[in-house]
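In the text below, chain A, chain B and the rest are named by the order of the sequence lines, each starting its count at 1.
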Amino acid sequence: MKVILQREVFDPGQIINKFQCGLKNVGAVVNFTGIVRNNKELNLKKLHIEHYPEMTRHSLAEVQLSSKKRWNLQDSLIIHRFGDLEINEPIMMVMTAAKHRHEAFNAAEFLMDYLKSRAPFWKKEFTDDGSEWVLSTEDDENSLSRW
Amino acid sequence: MNWTIPNILTALRLIAAPAVVIATLAFQDPLSYWIALIIFVIAGLTDFVDGYLARLWKQETAFGKMMDPIADKTIVIMTLIALLVPFGFSALIMIPTLVIIFREILVSGLREFLGNKSNLLSVTRLAKWKTSFQIIAICSLYIALLLNSYQMSPNDNVKGTQLSIILNPSPRNYPSILLIGSICLLWIATILTFLSGYEYLLKAIKFIVRKTKMIKILYFAWVREKLGISEELLKTKANNINELIDELRSKDEKYKLAFDDLDIIRIAADQKLVDIEYPLTNVSEVAFFPPMTGG
(Lines give C-alpha, C1' and ligand atoms only; values in the text may rest on other atoms or scores of the structure.)
Protein backbone atom coordinates (compact mmCIF):
# COMPACT_ATOMS: atom_id res chain seq x y z
CA MET A 1 0.00 0.00 0.00
CA LYS A 2 1.39 3.30 -1.02
CA VAL A 3 0.42 6.94 -1.49
CA ILE A 4 2.53 8.97 -3.89
CA LEU A 5 2.17 12.72 -4.18
CA GLN A 6 4.25 14.25 -6.91
CA ARG A 7 4.60 17.27 -9.12
CA GLU A 8 6.05 15.43 -12.11
CA VAL A 9 4.09 13.74 -14.86
CA PHE A 10 3.99 9.94 -14.66
CA ASP A 11 3.58 7.09 -17.12
CA PRO A 12 0.47 5.03 -16.18
CA GLY A 13 1.63 1.97 -18.10
CA GLN A 14 4.90 1.84 -16.30
CA ILE A 15 3.17 2.18 -12.95
CA ILE A 16 0.68 -0.63 -13.72
CA ASN A 17 3.48 -2.97 -14.68
CA LYS A 18 5.45 -2.18 -11.59
CA PHE A 19 2.37 -2.56 -9.37
CA GLN A 20 1.49 -5.99 -10.82
CA CYS A 21 5.02 -7.27 -10.53
CA GLY A 22 4.95 -7.68 -6.79
CA LEU A 23 1.50 -9.28 -6.51
CA LYS A 24 0.80 -12.85 -5.50
CA ASN A 25 -2.46 -14.77 -5.31
CA VAL A 26 -4.37 -11.97 -7.05
CA GLY A 27 -7.17 -12.46 -9.57
CA ALA A 28 -8.06 -8.86 -10.40
CA VAL A 29 -6.31 -5.56 -10.75
CA VAL A 30 -8.37 -2.44 -11.39
CA ASN A 31 -6.76 0.79 -12.32
CA PHE A 32 -8.28 4.17 -12.90
CA THR A 33 -6.45 7.13 -14.39
CA GLY A 34 -7.81 10.66 -14.26
CA ILE A 35 -6.79 12.86 -17.21
CA VAL A 36 -6.69 16.64 -17.60
CA ARG A 37 -9.60 17.32 -19.93
CA ASN A 38 -10.17 20.47 -21.96
CA ASN A 39 -13.18 21.62 -20.01
CA LYS A 40 -16.34 22.49 -21.96
CA GLU A 41 -15.72 25.17 -24.58
CA LEU A 42 -13.18 26.84 -22.41
CA ASN A 43 -9.75 27.15 -23.75
CA LEU A 44 -7.99 25.45 -20.93
CA LYS A 45 -4.36 26.45 -20.88
CA LYS A 46 -3.39 24.55 -17.79
CA LEU A 47 -4.73 23.05 -14.61
CA HIS A 48 -3.24 23.93 -11.26
CA ILE A 49 -3.66 21.65 -8.26
CA GLU A 50 -3.11 22.85 -4.72
CA HIS A 51 -3.02 20.46 -1.80
CA TYR A 52 -2.47 20.14 1.94
CA PRO A 53 0.36 17.61 2.01
CA GLU A 54 0.32 16.53 5.67
CA MET A 55 -3.42 16.00 5.64
CA THR A 56 -3.37 14.28 2.26
CA ARG A 57 -0.85 11.71 3.44
CA HIS A 58 -2.70 11.07 6.69
CA SER A 59 -6.15 10.79 5.25
CA LEU A 60 -5.22 8.76 2.20
CA ALA A 61 -3.19 6.27 4.22
CA GLU A 62 -6.13 5.89 6.57
CA VAL A 63 -8.70 5.39 3.86
CA GLN A 64 -6.41 2.95 2.07
CA LEU A 65 -6.18 0.87 5.21
CA SER A 66 -9.93 0.81 5.72
CA SER A 67 -10.54 -0.15 2.07
CA LYS A 68 -7.99 -2.94 2.37
CA LYS A 69 -9.89 -4.40 5.30
CA ARG A 70 -13.28 -3.95 3.77
CA TRP A 71 -12.60 -5.49 0.35
CA ASN A 72 -9.79 -7.78 1.40
CA LEU A 73 -7.34 -6.05 -0.91
CA GLN A 74 -3.94 -7.54 -1.58
CA ASP A 75 -2.53 -4.15 -2.40
CA SER A 76 -3.50 -0.67 -3.48
CA LEU A 77 -1.76 2.39 -4.83
CA ILE A 78 -2.78 6.03 -5.05
CA ILE A 79 -0.84 8.57 -7.07
CA HIS A 80 -1.94 12.16 -7.15
CA ARG A 81 -0.19 15.07 -8.76
CA PHE A 82 -0.11 18.68 -7.70
CA GLY A 83 1.23 21.88 -9.22
CA ASP A 84 0.77 22.75 -12.91
CA LEU A 85 -0.69 20.14 -15.27
CA GLU A 86 -1.10 20.28 -19.06
CA ILE A 87 -4.11 19.06 -21.03
CA ASN A 88 -4.11 15.28 -21.59
CA GLU A 89 -1.63 14.63 -18.83
CA PRO A 90 -2.60 12.14 -16.12
CA ILE A 91 -3.76 13.80 -12.88
CA MET A 92 -4.00 10.80 -10.64
CA MET A 93 -4.23 7.04 -10.53
CA VAL A 94 -5.91 4.56 -8.25
CA MET A 95 -5.01 0.89 -8.37
CA THR A 96 -6.49 -1.98 -6.42
CA ALA A 97 -5.60 -5.65 -6.39
CA ALA A 98 -7.90 -8.33 -4.98
CA LYS A 99 -8.85 -11.95 -5.50
CA HIS A 100 -12.02 -11.12 -7.42
CA ARG A 101 -13.00 -8.32 -9.73
CA HIS A 102 -15.99 -7.03 -7.68
CA GLU A 103 -13.80 -6.33 -4.70
CA ALA A 104 -11.19 -4.61 -6.82
CA PHE A 105 -13.79 -2.50 -8.69
CA ASN A 106 -15.67 -1.50 -5.54
CA ALA A 107 -12.54 -0.59 -3.65
CA ALA A 108 -11.27 1.49 -6.58
CA GLU A 109 -14.59 3.33 -6.85
CA PHE A 110 -14.66 3.98 -3.15
CA LEU A 111 -11.13 5.37 -3.22
CA MET A 112 -12.05 7.57 -6.19
CA ASP A 113 -15.14 8.93 -4.44
CA TYR A 114 -13.04 9.67 -1.40
CA LEU A 115 -10.40 11.46 -3.48
CA LYS A 116 -13.07 13.56 -5.17
CA SER A 117 -14.65 14.96 -2.07
CA ARG A 118 -12.56 14.28 1.04
CA ALA A 119 -8.92 14.46 0.08
CA PRO A 120 -7.60 18.01 0.39
CA PHE A 121 -6.92 18.84 -3.26
CA TRP A 122 -8.20 21.90 -5.06
CA LYS A 123 -8.19 22.45 -8.82
CA LYS A 124 -7.83 25.79 -10.52
CA GLU A 125 -8.46 26.16 -14.25
CA PHE A 126 -6.44 28.65 -16.26
CA THR A 127 -8.08 29.81 -19.50
CA ASP A 128 -7.67 32.74 -21.85
CA ASP A 129 -10.19 34.63 -19.70
CA GLY A 130 -8.21 34.20 -16.53
CA SER A 131 -8.33 31.61 -13.79
CA GLU A 132 -11.04 30.11 -11.64
CA TRP A 133 -11.25 27.57 -8.83
CA VAL A 134 -13.21 24.47 -9.82
CA LEU A 135 -16.44 24.22 -7.82
CA SER A 136 -17.28 21.02 -6.08
CA THR A 137 -20.37 19.28 -7.37
CA GLU A 138 -23.20 17.97 -5.27
CA ASP A 139 -22.77 14.57 -6.91
CA ASP A 140 -19.17 14.33 -5.82
CA GLU A 141 -20.03 15.56 -2.34
CA ASN A 142 -22.72 12.91 -1.93
CA SER A 143 -21.17 10.00 -3.76
CA LEU A 144 -19.32 8.79 -0.66
CA SER A 145 -22.57 8.16 1.14
CA ARG A 146 -23.29 5.08 -0.97
CA TRP A 147 -20.38 3.28 0.67
CA MET B 1 -45.28 38.37 26.46
CA ASN B 2 -47.58 35.42 27.03
CA TRP B 3 -49.88 35.55 30.04
CA THR B 4 -49.56 31.88 30.80
CA ILE B 5 -50.39 30.70 34.30
CA PRO B 6 -46.73 30.08 35.22
CA ASN B 7 -45.86 33.58 34.06
CA ILE B 8 -48.72 35.10 36.04
CA LEU B 9 -47.48 33.27 39.15
CA THR B 10 -43.98 34.63 38.61
CA ALA B 11 -45.28 38.17 38.10
CA LEU B 12 -47.44 37.88 41.24
CA ARG B 13 -44.35 36.88 43.22
CA LEU B 14 -42.62 40.05 42.09
CA ILE B 15 -45.61 42.13 43.20
CA ALA B 16 -45.77 40.21 46.49
CA ALA B 17 -42.28 41.43 47.47
CA PRO B 18 -43.21 45.05 48.24
CA ALA B 19 -46.49 43.86 49.76
CA VAL B 20 -44.54 41.73 52.27
CA VAL B 21 -42.29 44.69 53.04
CA ILE B 22 -45.24 47.03 53.64
CA ALA B 23 -47.02 44.50 55.83
CA THR B 24 -43.86 43.94 57.88
CA LEU B 25 -43.09 47.61 58.43
CA ALA B 26 -46.47 49.34 58.52
CA PHE B 27 -47.89 48.52 61.96
CA GLN B 28 -45.44 46.02 63.46
CA ASP B 29 -48.26 44.12 65.15
CA PRO B 30 -49.20 40.42 65.04
CA LEU B 31 -51.93 40.89 62.45
CA SER B 32 -49.64 42.58 59.94
CA TYR B 33 -46.93 39.94 60.58
CA TRP B 34 -49.56 37.31 59.83
CA ILE B 35 -50.42 39.05 56.58
CA ALA B 36 -46.75 39.36 55.66
CA LEU B 37 -46.15 35.68 56.45
CA ILE B 38 -49.17 34.51 54.45
CA ILE B 39 -48.20 36.58 51.42
CA PHE B 40 -44.64 35.34 51.71
CA VAL B 41 -45.66 31.68 52.03
CA ILE B 42 -47.94 31.92 49.00
CA ALA B 43 -45.21 33.66 47.04
CA GLY B 44 -42.71 31.00 48.15
CA LEU B 45 -45.07 28.27 46.99
CA THR B 46 -45.46 29.88 43.57
CA ASP B 47 -41.67 29.59 43.24
CA PHE B 48 -41.92 25.82 43.54
CA VAL B 49 -45.01 25.65 41.34
CA ASP B 50 -44.37 28.04 38.45
CA GLY B 51 -41.28 26.32 37.02
CA TYR B 52 -42.88 22.91 37.53
CA LEU B 53 -46.09 23.90 35.72
CA ALA B 54 -44.18 25.63 32.94
CA ARG B 55 -42.27 22.41 32.22
CA LEU B 56 -45.33 20.21 32.67
CA TRP B 57 -47.52 22.24 30.31
CA LYS B 58 -44.63 23.01 27.97
CA GLN B 59 -45.17 26.70 28.58
CA GLU B 60 -41.56 27.64 29.18
CA THR B 61 -41.12 31.21 28.03
CA ALA B 62 -38.21 33.61 27.82
CA PHE B 63 -40.12 35.94 30.14
CA GLY B 64 -40.44 33.20 32.74
CA LYS B 65 -36.78 32.22 32.52
CA MET B 66 -35.72 35.83 32.95
CA MET B 67 -38.26 36.82 35.60
CA ASP B 68 -38.21 33.78 37.88
CA PRO B 69 -34.73 34.32 39.39
CA ILE B 70 -35.32 38.08 39.59
CA ALA B 71 -38.55 37.52 41.51
CA ASP B 72 -36.83 35.02 43.84
CA LYS B 73 -34.00 37.35 44.67
CA THR B 74 -36.22 40.38 45.02
CA ILE B 75 -38.62 38.86 47.50
CA VAL B 76 -35.90 37.21 49.60
CA ILE B 77 -33.69 40.30 49.82
CA MET B 78 -36.54 42.79 50.31
CA THR B 79 -38.13 40.67 53.03
CA LEU B 80 -34.84 40.10 54.87
CA ILE B 81 -34.11 43.82 54.91
CA ALA B 82 -37.62 44.62 56.10
CA LEU B 83 -37.25 41.99 58.87
CA LEU B 84 -34.21 43.84 60.18
CA VAL B 85 -36.56 46.46 61.65
CA PRO B 86 -38.62 44.21 63.99
CA PHE B 87 -35.45 42.34 64.91
CA GLY B 88 -33.74 45.56 65.92
CA PHE B 89 -31.05 45.38 63.24
CA SER B 90 -29.47 42.40 64.95
CA ALA B 91 -26.12 41.44 63.43
CA LEU B 92 -27.28 37.83 63.45
CA ILE B 93 -29.75 38.74 60.70
CA MET B 94 -27.84 41.65 59.19
CA ILE B 95 -24.78 39.55 58.30
CA PRO B 96 -26.74 36.82 56.45
CA THR B 97 -28.65 39.56 54.62
CA LEU B 98 -25.44 41.25 53.53
CA VAL B 99 -23.88 37.95 52.43
CA ILE B 100 -26.99 37.07 50.41
CA ILE B 101 -27.04 40.51 48.74
CA PHE B 102 -23.34 40.28 47.95
CA ARG B 103 -23.76 36.80 46.46
CA GLU B 104 -26.59 37.93 44.19
CA ILE B 105 -24.60 40.94 42.98
CA LEU B 106 -21.58 38.69 42.37
CA VAL B 107 -23.51 36.11 40.36
CA SER B 108 -25.45 38.70 38.34
CA GLY B 109 -22.18 40.50 37.61
CA LEU B 110 -20.47 37.30 36.50
CA ARG B 111 -23.39 36.46 34.22
CA GLU B 112 -23.34 39.94 32.74
CA PHE B 113 -19.60 39.79 32.17
CA LEU B 114 -19.81 36.40 30.49
CA GLY B 115 -22.57 37.71 28.20
CA ASN B 116 -23.58 35.10 25.67
CA LYS B 117 -21.39 32.57 27.50
CA SER B 118 -23.47 32.98 30.66
CA ASN B 119 -25.11 29.61 30.07
CA LEU B 120 -21.87 28.29 31.59
CA LEU B 121 -23.37 29.45 34.86
CA SER B 122 -26.72 27.73 34.56
CA VAL B 123 -28.53 27.11 37.82
CA THR B 124 -26.93 24.41 39.95
CA ARG B 125 -28.59 22.02 42.43
CA LEU B 126 -26.91 23.85 45.28
CA ALA B 127 -28.44 27.14 44.10
CA LYS B 128 -31.92 25.58 44.13
CA TRP B 129 -31.37 24.29 47.65
CA LYS B 130 -30.26 27.67 48.92
CA THR B 131 -33.45 29.29 47.58
CA SER B 132 -35.58 26.71 49.41
CA PHE B 133 -33.60 27.23 52.63
CA GLN B 134 -33.89 30.99 52.36
CA ILE B 135 -37.67 30.76 52.02
CA ILE B 136 -38.02 28.31 54.92
CA ALA B 137 -35.71 30.39 57.15
CA ILE B 138 -37.68 33.58 56.47
CA CYS B 139 -40.98 31.83 57.21
CA SER B 140 -39.68 30.58 60.55
CA LEU B 141 -38.37 34.05 61.40
CA TYR B 142 -41.91 35.37 60.96
CA ILE B 143 -43.32 32.58 63.12
CA ALA B 144 -40.77 33.35 65.85
CA LEU B 145 -41.68 37.01 65.60
CA LEU B 146 -45.39 36.21 65.89
CA LEU B 147 -45.04 33.89 68.89
CA ASN B 148 -42.88 36.46 70.56
CA SER B 149 -45.32 39.29 70.06
CA TYR B 150 -48.17 37.20 71.54
CA GLN B 151 -46.11 36.56 74.68
CA MET B 152 -45.29 40.18 75.24
CA SER B 153 -47.47 42.79 76.74
CA PRO B 154 -48.18 45.67 74.35
CA ASN B 155 -46.00 47.96 76.46
CA ASP B 156 -42.84 45.93 75.99
CA ASN B 157 -40.20 47.31 73.76
CA VAL B 158 -40.22 44.82 70.92
CA LYS B 159 -36.75 45.50 69.67
CA GLY B 160 -35.10 45.39 73.09
CA THR B 161 -36.91 42.21 74.07
CA GLN B 162 -35.96 40.42 70.86
CA LEU B 163 -32.31 41.16 71.28
CA SER B 164 -32.22 40.16 74.93
CA ILE B 165 -34.03 36.91 74.06
CA ILE B 166 -31.35 36.03 71.58
CA LEU B 167 -28.56 36.93 73.93
CA ASN B 168 -30.04 35.24 77.02
CA PRO B 169 -32.07 32.23 75.93
CA SER B 170 -33.80 30.33 78.70
CA PRO B 171 -35.54 26.95 78.43
CA ARG B 172 -38.82 28.44 79.59
CA ASN B 173 -38.79 30.98 76.87
CA TYR B 174 -40.40 29.08 74.01
CA PRO B 175 -40.15 31.83 71.34
CA SER B 176 -36.44 32.22 71.97
CA ILE B 177 -35.82 28.57 71.08
CA LEU B 178 -37.77 29.01 67.87
CA LEU B 179 -35.90 32.23 67.25
CA ILE B 180 -32.54 30.54 67.70
CA GLY B 181 -33.74 27.75 65.40
CA SER B 182 -34.83 30.15 62.69
CA ILE B 183 -31.60 32.12 62.94
CA CYS B 184 -29.71 28.83 62.56
CA LEU B 185 -31.80 28.08 59.47
CA LEU B 186 -31.00 31.52 58.10
CA TRP B 187 -27.30 30.95 58.62
CA ILE B 188 -27.49 27.55 56.94
CA ALA B 189 -29.26 29.25 54.02
CA THR B 190 -26.52 31.87 54.03
CA ILE B 191 -23.74 29.28 53.94
CA LEU B 192 -25.48 27.50 51.04
CA THR B 193 -25.93 30.86 49.32
CA PHE B 194 -22.25 31.69 49.78
CA LEU B 195 -21.14 28.24 48.56
CA SER B 196 -23.30 28.38 45.45
CA GLY B 197 -21.90 31.85 44.70
CA TYR B 198 -18.39 30.47 45.18
CA GLU B 199 -19.25 27.58 42.84
CA TYR B 200 -20.27 30.07 40.13
CA LEU B 201 -17.18 32.19 40.76
CA LEU B 202 -14.86 29.19 40.27
CA LYS B 203 -16.58 28.29 37.01
CA ALA B 204 -16.36 31.86 35.76
CA ILE B 205 -12.68 32.18 36.72
CA LYS B 206 -11.93 28.94 34.93
CA PHE B 207 -13.50 30.41 31.82
CA ILE B 208 -11.89 33.85 32.14
CA VAL B 209 -8.35 32.58 32.71
CA ARG B 210 -8.59 29.82 30.11
CA LYS B 211 -5.27 29.24 28.56
CA THR B 212 -4.00 31.23 25.67
CA LYS B 213 -2.61 28.88 23.08
CA MET B 214 -0.74 29.23 19.84
CA ILE B 215 -2.50 27.71 16.88
CA LYS B 216 -1.07 27.43 13.41
CA ILE B 217 -3.74 28.31 10.89
CA LEU B 218 -3.51 27.26 7.26
CA TYR B 219 -5.56 28.57 4.35
CA PHE B 220 -5.96 26.89 0.98
CA ALA B 221 -7.32 27.66 -2.48
CA TRP B 222 -9.61 30.70 -2.67
CA VAL B 223 -9.65 31.13 1.10
CA ARG B 224 -5.88 31.65 0.90
CA GLU B 225 -6.28 34.03 -2.05
CA LYS B 226 -8.97 36.11 -0.33
CA LEU B 227 -6.81 36.50 2.76
CA GLY B 228 -3.54 36.94 0.91
CA ILE B 229 -1.70 34.57 3.27
CA SER B 230 -1.26 30.81 3.32
CA GLU B 231 -0.58 30.44 7.02
CA GLU B 232 -0.27 32.33 10.27
CA LEU B 233 0.33 31.73 13.95
CA LEU B 234 -2.53 32.92 16.10
CA LYS B 235 -2.58 33.48 19.84
CA THR B 236 -6.10 32.56 20.84
CA LYS B 237 -8.34 31.75 23.77
CA ALA B 238 -10.98 30.18 21.55
CA ASN B 239 -12.51 27.00 22.93
CA ASN B 240 -13.76 25.68 19.63
CA ILE B 241 -13.63 26.33 15.89
CA ASN B 242 -16.69 28.56 16.07
CA GLU B 243 -15.03 30.92 18.52
CA LEU B 244 -11.85 30.86 16.45
CA ILE B 245 -13.78 31.93 13.35
CA ASP B 246 -15.45 34.73 15.34
CA GLU B 247 -12.01 35.89 16.44
CA LEU B 248 -10.69 35.82 12.87
CA ARG B 249 -13.72 37.63 11.51
CA SER B 250 -13.19 40.45 13.95
CA LYS B 251 -9.60 40.95 12.72
CA ASP B 252 -10.49 42.83 9.54
CA GLU B 253 -12.70 43.07 6.50
CA LYS B 254 -10.74 40.46 4.50
CA TYR B 255 -11.44 37.80 7.11
CA LYS B 256 -15.06 38.85 7.33
CA LEU B 257 -15.41 38.33 3.57
CA ALA B 258 -13.51 35.04 3.49
CA PHE B 259 -15.61 33.60 6.33
CA ASP B 260 -18.85 35.09 5.08
CA ASP B 261 -20.50 31.83 4.04
CA LEU B 262 -19.48 28.94 6.26
CA ASP B 263 -21.42 26.47 4.10
CA ILE B 264 -18.65 26.63 1.52
CA ILE B 265 -15.80 26.32 4.00
CA ARG B 266 -14.35 23.04 5.17
CA ILE B 267 -12.33 22.75 8.35
CA ALA B 268 -9.53 20.45 9.40
CA ALA B 269 -8.15 20.25 12.93
CA ASP B 270 -4.78 18.55 13.13
CA GLN B 271 -5.31 17.28 9.58
CA LYS B 272 -8.71 15.72 10.23
CA LEU B 273 -11.98 17.03 8.81
CA VAL B 274 -14.09 18.39 11.65
CA ASP B 275 -17.28 20.39 12.10
CA ILE B 276 -17.65 23.90 13.42
CA GLU B 277 -18.32 22.90 17.02
CA TYR B 278 -15.09 20.93 17.30
CA PRO B 279 -13.20 21.81 20.51
CA LEU B 280 -9.70 23.20 20.21
CA THR B 281 -8.31 21.39 23.23
CA ASN B 282 -4.91 20.02 22.25
CA VAL B 283 -5.32 21.12 18.65
CA SER B 284 -2.19 22.76 17.25
CA GLU B 285 -3.08 23.17 13.58
CA VAL B 286 -6.34 24.30 11.99
CA ALA B 287 -6.92 24.59 8.25
CA PHE B 288 -9.70 26.39 6.39
CA PHE B 289 -10.43 25.61 2.76
CA PRO B 290 -13.22 25.26 0.19
CA PRO B 291 -14.89 21.92 -0.55
CA MET B 292 -12.28 19.64 -2.08
CA THR B 293 -12.09 19.02 -5.81
CA GLY B 294 -9.49 16.27 -6.15
CA GLY B 295 -9.37 13.23 -8.36
**Message:** Please classify the contact of S59(A) with chain B as side chain, backbone, both or neither, using a heavy-atom distance under 4.5 Å.
**Reply:** neither
**Message:** If the condition is side chain to side chain donor-acceptor pair (under 3.5 Å), which residues does T236(B) pass it with, not counting sequence neighbours?
**Reply:** E247(B)
**Request:** Sort R118(A) into side chain, backbone, both or neither according to what part of it lies under 4.5 angstrom from a heavy atom of chain B.
**Result:** both
**Asked** So what's closer than 4.5 Å to chain B heavy atoms on M55(A): side chain, backbone, both or neither?
**Response** both
**Message:** Could you work out, with salt bridge (charged side-chain N to carboxylate O under 4.0 Å, His left out) as the rule, every residue matching R81(A), not counting sequence neighbours?
**Reply:** E89(A)
**Message:** I'd like to know if E104(B) pairs up with K130(B) as an ion pair, taking the criterion as any Lys NZ or Arg NE/NH1/NH2 lying under 4.0 Å from an Asp or Glu carboxylate oxygen.
**Reply:** yes
**Message:** Check the orientation of Y255(B) and F259(B). Use parallel for under 30°, tilted for 30 to 60°, and perpendicular for over 60°.
**Reply:** parallel
**Request:** Would you kindly say whether N25(A) and Q74(A) are connected by a side-chain donor-acceptor distance under 3.5 Å?
**Result:** no
**Complete:** When the 4.5 angstrom heavy-atom criterion is applied to H51(A) and chain B, the contacting part is backbone
**Residue pair W133(A) / E125(A), side-chain donor-acceptor N/O under 3.5 Å** = no
**Message:** In this structure, is the centre-to-centre distance between the rings of W71(A) and F110(A) below 6.0 Å?
**Reply:** yes
**Prompt:** If you measure from the Lys or Arg side-chain nitrogens to the Asp or Glu carboxylate oxygens, is any gap between D72(B) and R13(B) under 4.0 Å?
**Reply:** yes
**Item:** L248(B) side chain near I217(B) side chain, heavy-atom distance below 4.5 Å
**Value:** yes
**Ring-face cation of R103(B) near Y198(B) (centre distance under 6.0 Å, axis angle within 45°)** = no
**Item:** Which atoms of I49(A) approach chain B - backbone, side chain, both or neither, heavy atom under 4.5 Å
**Value:** neither
**Request:** Identify which part of L111(A) has an atom lying under 4.5 Å from any heavy atom of chain B, answering side chain, backbone, both or neither.
**Result:** neither
**Criterion side chain to side chain donor-acceptor pair (under 3.5 Å) on Y219(B) and E225(B), from CA distance to verdict** = CA-CA 8 Å; Y219(B) 306 104; E225(B) 288 178 348; over 6 Å; no
**Prompt:** Quick one: is the NZ or CZ of K45(A) closer than 6.0 Å to the six-membered ring centre of F126(A), and within 45° of its axis?
**Reply:** no
**Complete:** Contact list (residues 282-295 of chain B to chain A, heavy-atom gap under 4.5 Å, by number) returns E285(B), A287(B), F289(B), P290(B), P291(B), M292(B), T293(B), G294(B), G295(B)
**Request:** Tell me the residues of residues 262-272 of chain B whose non-hydrogen atoms fall below 4.5 Å from those of chain A, in number order.
**Result:** R266(B), A268(B), Q271(B), K272(B)
**Asked** So what's closer than 4.5 Å to chain B heavy atoms on E50(A): side chain, backbone, both or neither?
**Response** side chain
**Request:** Could you tell me whether R146(A) and D113(A) have a side-chain N and a carboxylate O separated by less than 4.0 Å?
**Result:** yes
**Request:** Give, as side chain, backbone, both or neither, the part of K124(A) having an atom under 4.5 angstrom from any heavy atom of chain B.
**Result:** side chain
